[in-house]
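All residue numbers in this chain count up from 1 along the given sequence.
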Amino acid sequence: MPAKGKHRRPKSSSLTRGFVAAGTGGAAIALPFLGATGAQAAPAAVPAVAAQAAPASVASAAEAVKAAKPAPRVYTVVAGDYLAKIAYNKNVKGGWKKLYADNREAIGDDPSLIHPGLKLTLGAKNTGKAKETRTEPRASRSTAKTQAPAAAPAPAPAPARNTSGYTAPVPSGVSTPYRASGAMWSSGYHTGVDFSAPSGTSVKSVGPGTVVSAGWSGAYGNEVVVKHTDGNYSQYAHLSSLSVSAGQTVGGGQQIGLSGSTGNSTGPHLHFEIRTSPSYGSDIDPLAYLRSHGVSI
């Protein structure tokens with residue numbers, strides 16, 4: 001018979017057994033290995049992600065550079081504008097010649113025929129065509145442009161000298177007619193005719209007479225005005241140089257200067273007027289005058 005008061009062996013705590021099992025089952029030992037494996041694998045994945053992201057990053061940078069490039073400036077012509085004035089005011093590198101070259105398709109063959117509302121690209125080539133808002137003489141010139149190369153108009157043959165002693169001022173054709181309307185002219189219309197004439201072309205007195213002025217004349221640049229024996233006056237403007245002086249007598253066909261682009265001019269040409277007085281505003285049709293003296297133009 002068992003003795004009284006004998007203590008029974010205490011049962012092991014389930015909590016303790018669980019702890020021991022956890023401690024001796026290897027889970028606690030395996031856990032660090034799993035952690036170490038994950039720690040070693042993570043760095044290997046980073047370069048792969050970076051390698052995939054790199055092209056996208058380069059592309060984004062290229063797009064940013066492209067977006068940052070400034071767009072070409074566009075200028076809309078207003079009343080009183082001419083190419084030299086626009087080029088100066090807008091600091092166009094290369095001056096009016098560069099502005100005209102970049103916008104030749106929009107302007108046309110004659111750089112002096114710009115009109116309000118025409119859009120010009122500053123600093124880049126304009127491939128657009130002019131919006132047609134011109135008067136009939138200009139439209140006719142534009143139509144001729146589409147039928148011929150973009151080169152300057154071929155000079156017309158020099159008219160034969162006639163017995164009256166009168167002749168054409170230069171051996172070339174008319175680029176801008178008399179009375180063509182436009183805001184670029186102070187009176188609202190062209191007071192003379194423009195002859196195509198490269199710089200240095202010999203300019204001749206259309207008839208016998210006396211030189212009343214020869215020198216600088218503001219917007220006309222270098223000009224010569226001759227009073228003819230019939231009482232009318234001829235004016236020759238934008239000359240590069242003068243060959244006569246005031247008070248000198250000249251004959252029809254005598255050289256009075258060389259053509260150029262002085263004063264308010266967008267390119268070399270001869271501006272020619274016939275007036276009933278030596279002053280601006282007394283103009284008459286210069287071609288009709290020459291024809292009345294037997295000159296064929």
Does Pro198 offer a backbone N or O that forms a donor-acceptor pair with the side chain of Ser259 under 3.5 Å?
-> yes
Side-chain contact test, heavy atoms from C-beta onward, threshold under 4.5 Å: evaluate it for Glu223 versus Ser213 and give yes or no.
-> yes
Short question: side chain of Arg291, backbone of Ser296 - any donor-acceptor pair under 3.5 Å?
-> no
Given the rule in the side chain to side chain contact (heavy atoms under 4.5 Å, CB included) test, do Leu242 and Val224 qualify, once you have shown the distances and angles that lead to the verdict?
-> CA-CA 8 Å; Leu242 306 177; Val224 172; 3.7 Å; yes
If every non-hydrogen atom of Thr262 is compared with every non-hydrogen atom of Trp216, which pair is closest and at what distance?
-> CB-CZ3, 4.0 Å
Do Ser205 and His228 come within less than 4.5 Å of each other through their side chains, counting heavy atoms only?
-> yes
Are any non-hydrogen side-chain atoms of Gln254 and Gln248 less than 4.5 angstrom apart?
-> yes
Sub-3.5 Å donor-acceptor pair from the side chain of His269 to the main-chain atoms of Ser196, do we have one?
-> no
Shared hydrophobic cluster for Val78 and Tyr100 (ILVMFWY, side-chain gaps under 4.5 Å) = yes
Can you name the nearest heavy-atom pair linking Val211 to Ala214, along with the distance?
-> CG1-CB, 4.1 Å
For Gly165 and Pro208, work out which heavy atoms get closest and say how close.
-> O-CD, 3.8 Å
Any link between Tyr236 and Ile284 through a network of hydrophobic side chains (Ile, Leu, Val, Met, Phe, Trp, Tyr) touching at under 4.5 Å?
-> yes
Relative to each other, are the rings of Tyr289 and Tyr166 parallel, tilted or perpendicular (30° and 60° limits)?
-> perpendicular
Determine yes or no for a side-chain-to-main-chain donor-acceptor pair under 3.5 angstrom, with Asn103 supplying the side chain and Ala106 the backbone.
-> no
If Ile, Leu, Val, Met, Phe, Trp and Tyr residues are connected whenever their side-chain heavy atoms lie under 4.5 Å apart, and connections chain through other members, are Leu287 and Val226 in the same group?
-> yes
Check against side chain to side chain contact (heavy atoms under 4.5 Å, CB included), Tyr75 and Thr121 | CA-CA 6 Å; Tyr75 177 78; Thr121 299; over 6 Å; no
Go through the steps to decide whether Phe272 and Leu290 satisfy the test side chain to side chain contact (heavy atoms under 4.5 Å, CB included), and finish with yes or no.
-> CA-CA 11 Å; Phe272 173 73; Leu290 291 177; 4.1 Å; yes
Kindly indicate whether the side chain of Pro169, heavy atoms from C-beta on, has any atom under 4.5 Å from the side chain of Lys204.
-> no
Interatomic distance, Leu99 atom CG to Lys90 atom NZ [nearest 0.5 angstrom] = 11.5 Å
Determine, step by step, whether Asn264 and His238 satisfy the side-chain hydrogen bond (donor to acceptor under 3.5 Å, both in side chains) criterion, reporting the C-alpha distance in whole Å, the side-chain angles of both residues, the deciding distance to 0.1 Å, and the verdict.
-> CA-CA 8 Å; Asn264 287 352; His238 305 309; over 6 Å; no
Same cluster or not: are Val193 and Val225 linked, directly or through other Ile, Leu, Val, Met, Phe, Trp or Tyr residues, by side-chain heavy atoms under 4.5 angstrom apart?
-> no
Sidechain-backbone polar pair: Asn222 side chain, Leu239 backbone, donor-acceptor under 3.5 Å = yes
Nearest heavy-atom neighbours spanning Ser202 and Val170 = O-CG1, 3.6 Å
Do the rings of Tyr220 and Tyr280 sit parallel, tilted or perpendicular, given the 30° and 60° boundaries?
-> tilted
With sequence neighbours left out, the residues meeting side-chain hydrogen bond (donor to acceptor under 3.5 Å, both in side chains) with Lys98 are Asp102
Nearest heavy-atom pair of Trp96 and Gly267: which atoms, and what distance?
-> CH2-CA, 3.1 Å
Roughly how far, to the nearest 0.5 Å, is the OG atom of Ser172 from the CD1 atom of Ile297?
-> 9.0 Å
Any donor-acceptor pair under 3.5 Å linking the side chain of Thr167 with the backbone of Val206?
-> no
Straight-line distance of Gln255 CD to Ser243 OG, nearest 0.5 Å | 4.0 Å
Return yes if some donor-acceptor pair links the side-chain N/O of Ser282 with the main-chain N/O of Ser279 below 3.5 Å, else return no.
-> yes
Quick check: does any side chain N or O of Thr249 sit under 3.5 Å from a backbone N or O of Thr210, one acting as donor and the other as acceptor?
-> no
So how far is it from Ile86 CD1 to Leu122 CG, rounded to the nearest 0.5 Å?
-> 8.0 Å
From Ser175 OG over to His271 NE2, what is the distance, rounded to the nearest 0.5 angstrom?
-> 11.0 Å
Euclidean distance, Ile274 CD1 relative to Thr191 OG1, rounded to 0.5 Å = 12.0 Å
Please step through side chain to side chain contact (heavy atoms under 4.5 Å, CB included) for the pair Val212 and Tyr233, ending with a clear verdict.
-> CA-CA 9 Å; Val212 295; Tyr233 297 76; 4.3 Å; yes
Single-linkage hydrophobic cluster, 4.5 Å side-chain cutoff, Val92 and Leu118 together = yes
